[in-house]
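It should be emphasised that the depicted structure is a prediction, and the values quoted were computed from it without experimental measurement.
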Amino acid sequence: MTPATLERLPAGAIVVDGRERIIAANGRAADLLERTPASLAKALLRDIVQPDDRLLLPPFNSLVSLSAAPATVRFESSSGPLVLLVSWQPARFSEQDAWLLLMMPVDDLINEIAGLRNDETRWKYALESALEGVWDHDFETGNLFYSGTWKRLRGLADDAEVDGSLETWIQNVHPDDHAHVRAAIERQDSGEAVFNTFEYRERHADGHWIWIESRGAAVAYWPDGRPSRIIGTDTDITARKEAEARLEEVSRRLRLALGVSKIGVFDFNLDAERDDWDDRMFEIYGLDPSDGPPSSETWESTLHPEDRARVIARTNEGIASGKPYGNAFRIVRPDGEIRHIRSNAATYIDHLGTRKLIGANWDVTEDIALQEDLRQAQASAEARNRELEQVRIRIEYNALHDYLTDLPNRRYLDQMLAENVAVNAILHIDLDRFKQINDTLGHQAGDAMLTQAAAILRAHARHDDFIARIGGDEFVILCRRGRNLPQLSELAERIVHAFRRPIPHDGQLCRLGASIGIAWKGHEDVDAKQLLMNADIALYRAKSLGRDRVEVFSEQIQTQILTAKRTGDDIRQAIEEGQFTVYYQPQFDAKSLAITGVEALVRWNHPERGVLAPIHFLRIAEEINVLPAIDRKVVELAYSDFHAWQKAGLGVPKISVNMSSPRLRDPGLISDLREMRIAKGVLSFELLESIFLDDPEDEIAGTISALGDLGIEIEIDDFGTGHASIIGLLNLNPARLKIDRALVGPITESAKQAKLVRAIIDIGHSLNIKVVGEGVETWDHAAMLRDLGCDVLQGYALARPMDRLELERRLERGWRPVFGDAQT
């Protein structure tokens with residue numbers, strides 16, 4: 001086809017390519033559309049079609065071999081909408097594939113159909129070429145015509161009979177459409193509307209609803225002006241309505257989504273610099289929509305001064321790049337409120353070639369505030385976690401360290417031993433005289449001593465040695481680097497020497513001391529736990545040998561300790577089974593040799609070793625703290641025997657019992673004695689002079705006073721070998737002094753020693769204290785002590801210690817020693 005051929009066509013003709021661009025148009029088409037052919041050649045077909053009818057156009061980008069079905073399309077013209085019946089088919093135009101569109105005004109078509117009524121061939125051709133459902137209501141003749149297409153739209157056969165009466169036909173119209181359909185028909189029948197168009201739903205023969213667009217025009221009239229003949233077309237617009245419904249649903253969801261998300265949308269014409277905002281945008285910015293669309297300057301003025309330059313620069317960059325971009329900024333609303341905004345935008349070109357910027361804004365002020373709250377909460381949580389971690393570390397540290405000295409504690413030591421760390425040697429240190437300082441000067445002094453002790457150990461140990469305080473006044477040093485035994489002994493001696501120096505506290509000089517046990521691994525495979533046990537054994541040895549010294553663990557020491565332990569266990573069993581008994585050594589008047597009393601001496605009636613003297617068990621009994629129990633048992637047995645002797649008339653005037661320092665400190669001593677109901681003046685307690693010299697006066701003064709109230713006398717045993725003072729004797733006011741055997745022994749050969757003993761006797765007599773000479777081994781001793789003025793004699797020359805039965809047999813015989821008699 002050529003342009004000349006196109007011009008000769010009787011109908012309006014337009015040629016378009018696959019992109020809907022108009023290639024050519026004849027004069028008839030230009031006249032119909034009220035445009036010039038040249039202006040049509042520059043336009044897109046869809047730009048001159050009303051938006052609602054663009055869906056009726058075929059897909060021009062896919063040429064097919066058969067022509068598409070004609071349709072009634074509304075076009076844009078300078079005088080308003082123009083309804084044309086359009087048919088299209090593929091064609092070759094100027095050697096290229098294209099589409100040929102033939103257009104005819106619907107009004108002309110209807111008039112043409114009316115004019116062709118008497119020409120059957122032209123009438124049928126028009127009906128078939130229209131491909132619309134054509135109807136012709138000739139009220140003058142009563143002829144109601146419906147084309148085959150009209151019937152097929154409704155699912156009817158071409159030869160189906162149609163009842164065209166309004167009341168019958170309207171039964172198939174959707175109930176919701178009855179009112180406006182009747183109104184449209186009434187306007188047409190009354191002549192009010194020459195050309196009438198309306199849409200409605202009609203039931204298809206198979207039961208579903210289809211949308212019909214009905215167009216009708218009056219072509220003949222009654223004399224009264226009412227139409228006598230109306231011709232029209234019906235078009236199935238169901239597809240268009242469904243498309244519109246889908247579009248409306250999408251639009252509705254979009255509006256709902258925008259409403260729910262509180263997103264504002266703007267569309268800015270970059271060429272005309274005209275902005276279009278939706279209601280949400282005005283709400284976000286706090287502006288009044290009645291003031292009209294904001295200008296670029298208005299929008300820029302709302303930007304926070306600190307953000308303005310950055311946001312404008314970012315916007316200009318995004319427009320220049322043509323790529324989608326985002327922005328984040330603050331705005332200042334007219335009321336002064338600051339809001340945080342997020343924005344996304346993109347440029348595009350619309351169908352008219354106009355450059356536009358479309359985008360969305362949403363207010364994220366609450367999100368920013370929430371983020372800030374979360375950030376602060378996170379910062380607070382992190383700070384709290386750091387505090388908790390520090391607390392946890394501190395708790396763990398405190399759990400493993402001594403609060404006073406800041407040294408590792410016993411738990412830490414056990415942990416080290418459990419891990420079986422490499423240990424070369426262990427020093428176990430115990431402070432001497434700590435309890436005395438703590439009890440006399442108070443806990444503050446004790447704490448100061450412990451702190452100073454920790455400082456001394458730190459000063460002498462190596463940097464990699466592990467120092468721990470494992471008890472009240474006990475410390476341990478784990479030596480982790482190889483040191484031989486001389487080096488370890490030298491370290492221990494230096495520590496002992498350092499502890500001998502007086503420690504000043506609160507104006508006083510406190511004298512501590514230290515006993516140390518060393519366990520050295522040497523070449524043997526000994527684990528750390530066993531080393532600690534060995535060091536403990538060595539420390540026990542050091543303390544038992546007088547304290548303030550160093551002992552090294554050996555198998556011999558271990559054997560001795562184990563033997564002592566077994567002995568201790570046997571002693572405890574002996575107390576429970578009553579194996580301790582009492583032997584008695586009589587005491588005699590120095591002049592008459594009459595019995596003045598007996599000293600009760602404890603003995604252990606061992607089931608395997610026989611009767612054991614105190615030298616075999618007393619020290620161990622003191623170490624395991626059972627002396628009070630033994631002393632209590634001795635007093636009970638002795639007084640029971642004495643009571644029996646009194647009933648038997650055996651003439652023992654009184655008994656004396658050795659009393660240990662632990663028993664004197666026993667809170668139950670006085671109550672035990674009260675329960676025994678001891679007669680006054682028949683029982684005396686022998687005390688070593690070291691007891692009342694080593695202890696402060698007020699510690700035992702109350703006990704001694706209570707003993708006096710019970711009628712129990714006090715004797716000073718082994719007097720002369722200690723450091724008793726005259727003032728001490730005056731304060732204690734004992735009933736007797738017993739001169740130590742070490743002073744008595746030499747008097748027969750040493751005049752000087754005899755003078756010393758005489759002086760002691762004179763001192764005692766001057767204080768109204770009787771004097772007992774013990775250790776009388778010969779009759780010469782007895783005679784000299786008598787001559788020196790001694791009151792009472794006791795010793796092997798007169799009588800050895802004996803059990804109760806032996807003493808009772810002698811007393812029953814009226815036994816009394818005679819000077820020079822060897823039968824004692």
Side-chain angles (χ1 to χ4, degrees), residues 51 247-385:
L247 179 60
E248 174 58 28
E249 178 62 20
V250 171
S251 299
R252 188 188 68 82
R253 291 203 300 266
L254 178 59
R255 289 193 300 272
L256 181 60
L258 292 175
V260 171
S261 61
K262 299 182 179 180
I263 293 177
V265 178
F266 66 88
D267 191 347
F268 183 65
N269 189 320
L270 295 171
D271 294 333
E273 294 189 353
R274 185 179 67 254
D275 215 345
D276 183 18
W277 283 13
D278 67 358
D279 291 341
R280 180 59 182 163
M281 282 289 291
F282 284 100
E283 182 182 342
I284 290 174
Y285 282 80
L287 300 177
D288 188 351
S290 63
D291 295 337
S295 63
S296 298
E297 292 75 13
T298 302
W299 173 73
E300 291 176 2
S301 68
T302 66
L303 299 175
H304 193 284
E306 296 178 2
D307 299 345
R308 185 174 299 143
R310 173 180 56 80
V311 174
I312 294 174
R314 175 63 178 151
T315 301
N316 292 335
E317 290 173 3
I319 294 172
S321 69
K323 297 179 180 179
Y325 68 93
N327 232 330
F329 51 88
R330 291 167 293 173
I331 63 170
V332 182
R333 291 162 48 124
D335 60 3
E337 183 181 6
I338 297 175
R339 307 295 292 179
H340 292 262
I341 305 299
R342 290 285 189 273
S343 175
N344 284 331
T347 58
Y348 75 102
I349 299 176
D350 68 6
H351 66 283
L352 298 177
T354 304
R355 293 188 314 123
K356 290 188 175 182
L357 178 70
I358 189 169
N361 282 187
W362 60 98
D363 189 337
V364 295
T365 304
E366 285 72 19
D367 293 340
I368 295 295
L370 178 59
Q371 290 175 8
E372 178 62 21
D373 291 343
L374 291 175
R375 188 194 64 78
Q376 293 181 359
Q378 181 180 8
S380 176
E382 290 175 352
R384 180 60 177 165
N385 288 338

Report the C-alpha separation of R355 and Y348 in whole Å, then their side-chain angles, then the decisive distance to 0.1 Å, and conclude whether the side chain to side chain contact (heavy atoms under 4.5 Å, CB included) test is met.
CA-CA 6 Å; R355 293 188 314 123; Y348 75 102; over 6 Å; no

When you measure from the side chain of D267 to the backbone N and O of D276, does any donor-acceptor pair fall under 3.5 Å?
no

R314 side chain to G326 main-chain N or O, any donor-acceptor pair under 3.5 Å?
yes

Take R339 and E366 through the salt bridge (charged side-chain N to carboxylate O under 4.0 Å, His left out) test and state the conclusion after the steps.
CA-CA 9 Å; R339 307 295 292 179; E366 285 72 19; 2.9 Å; yes

Pairs satisfying ring-ring contact (aromatic ring centres under 6.0 Å, His included), at least one member in residues 321-343, at least two apart:
none

Spacing of N344 atom CG and I358 atom CD1 [to the nearest 0.5 Å]:
12.0 Å

Can you tell if the side chain of F266 reaches within under 4.5 Å of the side chain of L357, non-hydrogen atoms only?
yes

I need the E297 CD to T302 OG1 distance, nearest 0.5 Å.
12.0 Å

Is a side-chain donor or acceptor of D363 paired with a backbone partner of I284 at a separation under 3.5 angstrom?
no

Which heavy atom of R308 sits nearest a heavy atom of L303, and at what distance?
NH2-O, 2.8 Å

Can you tell whether the side chains of E382 and R375 come within less than 4.0 Å, N to carboxylate O?
no

Nearest-0.5 Å distance that lies between atom NZ in K356 and atom CG in L270:
10.0 Å

Distance, nearest 0.5 Å, that separates CD1 of I368 from CZ of R342:
4.0 Å

Is the number of heavy atoms from other residues, nucleotides or ligands within 6.0 Å of CZ (R310) greater than 12?
yes

Are side-chain heavy atoms of W299 and W277 found at a separation under 4.5 Å?
yes

Where do V332 and I338 come nearest, in terms of heavy atoms and distance?
CG2-CG1, 4.3 Å

Check: D350 main-chain N/O paired with T354 side-chain donor or acceptor under 3.5 Å
no

Quick check: does any side chain N or O of D278 sit under 3.5 Å from a backbone N or O of V265, one acting as donor and the other as acceptor?
yes

Contact between L287 and P334 at the side-chain level, heavy atoms closer than 4.5 Å - yes or no?
yes

Please name the pair of heavy atoms, one in R333 and one in E283, separated by the smallest distance, quoted to 0.1 Å.
NH1-O, 3.3 Å

Between OG1 on residue T315 and CZ on residue F268, distance to nearest 0.5 Å:
10.5 Å

Side chain proximity check, T298 to Y285, heavy atoms < 4.5 angstrom:
no

Taking S380 for its side chain and Q376 for its backbone only, find out whether a donor-acceptor pair lies under 3.5 Å.
no

N361 and S343 have their tightest heavy-atom pair at ND2-OG, 2.9 Å

Restricting to non-hydrogen atoms, name the atom on G353 and the atom on D271 that form the minimum distance, rounded to 0.1 Å.
O-OD2, 4.4 Å

